[in-house]
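What follows is a set of notes on a single structure, which appears directly below.
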Number of protein chains: 4
Amino acid sequence: MQETRRTPKQTRARVTVDAVLDAVVRIVKREGFAAVTTNRIAAVAGVSIGSVYQYFPNKAAIFAALHDRHVREMSRRIDEALVDHASASLEDLVRALVTAMVDAHAQDPELHDVLTNEVPNRGGPRAFQSRLRDALRLALAAREHLKPRQMERALFVLPNLIEAFAHGVAADRDGLSRTAAREEAVRATLAYLRACR
Amino acid sequence: MQETRRTPKQTRARVTVDAVLDAVVRIVKREGFAAVTTNRIAAVAGVSIGSVYQYFPNKAAIFAALHDRHVREMSRRIDEALVDHASASLEDLVRALVTAMVDAHAQDPELHDVLTNEVPNRGGPRAFQSRLRDALRLALAAREHLKPRQMERALFVLPNLIEAFAHGVAADRDGLSRTAAREEAVRATLAYLRACR
Amino acid sequence: MQETRRTPKQTRARVTVDAVLDAVVRIVKREGFAAVTTNRIAAVAGVSIGSVYQYFPNKAAIFAALHDRHVREMSRRIDEALVDHASASLEDLVRALVTAMVDAHAQDPELHDVLTNEVPNRGGPRAFQSRLRDALRLALAAREHLKPRQMERALFVLPNLIEAFAHGVAADRDGLSRTAAREEAVRATLAYLRACR
Amino acid sequence: MQETRRTPKQTRARVTVDAVLDAVVRIVKREGFAAVTTNRIAAVAGVSIGSVYQYFPNKAAIFAALHDRHVREMSRRIDEALVDHASASLEDLVRALVTAMVDAHAQDPELHDVLTNEVPNRGGPRAFQSRLRDALRLALAAREHLKPRQMERALFVLPNLIEAFAHGVAADRDGLSRTAAREEAVRATLAYLRACR
DNA sequence: CATGAATGAGTGTTCATTCAT
DNA sequence: AATGAATGAACACTCATTCAT
């Protein structure tokens, strides 16, 4: 009773916004980015075009919200891994982070591809890299004694490393299996970390 | 006498095509992707819109050609590194490849960003990953004794890794100097390679 | 209460469609066929170009609809003559049919000319000849004992005969008076019919 | 040696002009009227676009010349029939005229359809009706004693009649053989003529 | 609030015509 | 004279956005 308690207004807004964002994804996947018109979005989302403009000031804002949602979902996973493995070893935490990112992308590779290569993204797709960097900063600071210089370098390398694998898994659909790719990602990350010490 | 010898037709075509592609880049950088209209391209390229359509069947073909040119430039650099370091150690070759890619992107980060995030890219940015993969296949086969399985994994990982770093160095190094970032990228790549053995 | 009762949607559509078709006719008459651009049609019809495309998928469809409307109008007149003179003599029925066709064309000869000679007409202008043929088939079958062979021939000749006069009246603006032409048409048609017996 | 003697210039002009006109017909038949562009005409005619403009001031002139050629061909046939049957009965002459027109259209119905319904025709297709009218005036004056009023009417009716049948035979005879249709056209025309007396 | 018909600025593209070679 | 690359005005059509209902 208490947790689902939002005003009807908020709920409806939430539902409509999500329907719109999902519609964009569905259209890009099925008909390509060129088919993403605001009217089509409304139709696929099952709302009127007027309602779309009730929630988004313009088309670009829809894309921005879509990217935002993705970044938030990624951040959620990162935070979760961080908290769940707060007292685990660095190896285990890194494994958890890598697994979270790879799995997130592997789950719907097409979605990831769409977000990365088709939907315009003024903010850059690197928005959640900084969240990842922050998470790693916390993790490393608590566990390793790295000189500031080393820390900086590691914080440059690791997010790129992790994204490379996540990206690779999503793109190379008939390459490595998800499990193998994930293992490879963990191995590469830990190898680098060891080389840092 | 011999090197500049092309038919006037070919030369003119080349010049026009390049002017058009450069115009696209210039417009995206200065006014954003939304300002890239075919008529604007023609104006900035200093040719008539009719001439643009003499060389490109439609707008999408212009973008495709732009990506193509980029891929070719990348391939050129990869090939060069491969040949120049034909008898060098694997470490040196990998260093050369990473450096080549990083430098290529760092040279005009804005251009790279534009090509990656703004200009629609149906073929995927993976076109030159496969060139990179081929180069690495040659390099590894001649130097390391990897089991097929190991080779497969390394060839999946390395191109993604290198591209991620090239991106990363060009985009946000978060305080790291470009040289330091590049050095760290090489170190991370070699760390992975060593872990493969 | 009952006769004007249509949904607003249908009424509005009807009005817009007719305004568009009338606009085409007006433009062709006043400025020639070359001046018939979709934007000009919209302007003259008093609607936005977007609305035109709400009702017609493309420019050709506008022309098709225009011809269609003409054919329907002709068919209406034919049917009316047929029913009104169901129990009249063949002479009277033929006179009614000829009169209907000639008058229809004489009423707005310029319109007819435009439809015949300027507006592209993929379906052929003969669409309403077949309606005329059907009407005559009914009329003759009920009144004359023609052998199948004779019937076939009469059904080939009569529509052509009638169209020749209608066409002639519309085209030859300073030729015979409308009444005279109509009388001449009736005379020729009946002469032929008598020769068939 | 003497009759084909024209200056090379004139001959070349003739050949080019004809090639251009034939090209138009070929394109309309094969690809539809929309495909008739000046550049395509030049290509199909096997000459350069520049040469086309050497002989025609603009595109409309090409269409005009095409109609002109058709009218001239029709006139030739009319004149021939007139002379060949100078001392024949009116029936025979009319039969000859109808046959000439019907056959001319039946020979290449597609061409005729194209010229009538697709190629813009500012002059109206009536150009050769007046030639036909003149021929009939001569024929009737020499053979029948019609009052001026009757003559006027006959000269209004007959060309329209004959053209309608020529059209009709070429287009849709609805099961009738071409010979039968032509015979019936002659019968109908003569029936009208007799009713004039 | 929701709707969706209407809007019209702006786009990609064509093609008649020119003119330097 | 012949060529055909270049031109650019003009077109058909789309689609983000508005607003009366």
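Every chain is numbered from 1 and lettered A, B, ... according to where its sequence line falls, protein lines coming before strand lines. Basis for what follows: all heavy atoms, side chains included, without hydrogens, waters or symmetry-related copies.
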Would you mind classifying the nucleic acid contact of D:N58 as base, sugar-phosphate or nothing, using non-hydrogen atoms under 4.0 angstrom?
-> sugar-phosphate

Between C:S48 and B:T37, which is nearer to the 5' end of DNA chain E once each is assigned its nearest nucleotide?
->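 On the 5' side of the pair lies C:S48.
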
Taking the nucleotide of DNA chain E with the closest heavy atom to each, which residue, A:G46 or B:G50, is nearer the 5' end?
->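 Closest to the 5' end, via its nearest nucleotide, is A:G46.
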
Does F:dA5 pair with anything, Watson-Crick or G-U wobble, both distances under 3.5 Å, and if so, with which nucleotide?
->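 Pairing partner, where one exists within any strand: E:dT18.
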
Searching all strands shown, indicate the nucleotide that pairs with E:dA9 (Watson-Crick or G-U wobble; both distances under 3.5 Å).
->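 The base-pairing partner of E:dA9, which may sit in any strand shown, is F:dT14.
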
To the nearest 0.5 Å, how far apart are CG in C:D68 and CD1 in C:I62?
->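 Nearest 0.5 Å value for the CG-CD1 distance: 13.5 Å.
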
How close or far is atom [atom2] of [N] from atom [atom1] of [X], stated in whole angstroms?
| X | N | atom1 | atom2 | result |
| --- | --- | --- | --- | --- |
| C:K59 | E:dT14 | NZ | P | 16 Å |
| C:I62 | F:dC11 | CD1 | C1' | 13 Å |
| C:R40 | F:dA10 | CZ | C1' | 14 Å |
| B:I27 | E:dT11 | CD1 | C1' | 14 Å |
| A:F63 | F:dA16 | CZ | C1' | 11 Å |

Picking from [options], which would you name as closest to the side chain of [X]?
| X | options | answer |
| --- | --- | --- |
| B:Y53 | E:dT13, F:dA2, F:dA16 | E:dT13 |
| D:Q54 | F:dA12, F:dT7, F:dA2 | F:dA2 |
| C:I49 | F:dA12, F:dT14, E:dT13 | F:dT14 |

For DNA chain F, whose closest nucleotide is more 5', that of C:A60 or that of B:N39?
-> B:N39

For the ring pair B:F33 and B:F63, is the centre-to-centre distance below 6.0 Å?
-> yes

Residues B:K29 and B:D108 bridged, charged N to O under 4.0 Å | yes

Salt-bridge test for B:R26 and B:D22: reply yes if a basic N is under 4.0 Å from a carboxylate O, no otherwise.
-> no

Under a 4.5 Å cut-off applied to non-hydrogen side-chain atoms, are D:V52 and D:T38 in contact?
-> no

Taking OP1 and OP2 of E:dA5, is either one under 4.0 Å from a side-chain nitrogen or oxygen of C:Y55?
-> no

Taking only side-chain nitrogens and oxygens of D:T38, does any of them come within less than 4.0 Å of OP1 or OP2 of E:dC15?
->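 For E:dC15, OP1/OP2 do not have a side-chain N/O of D:T38 under 4.0 Å.
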
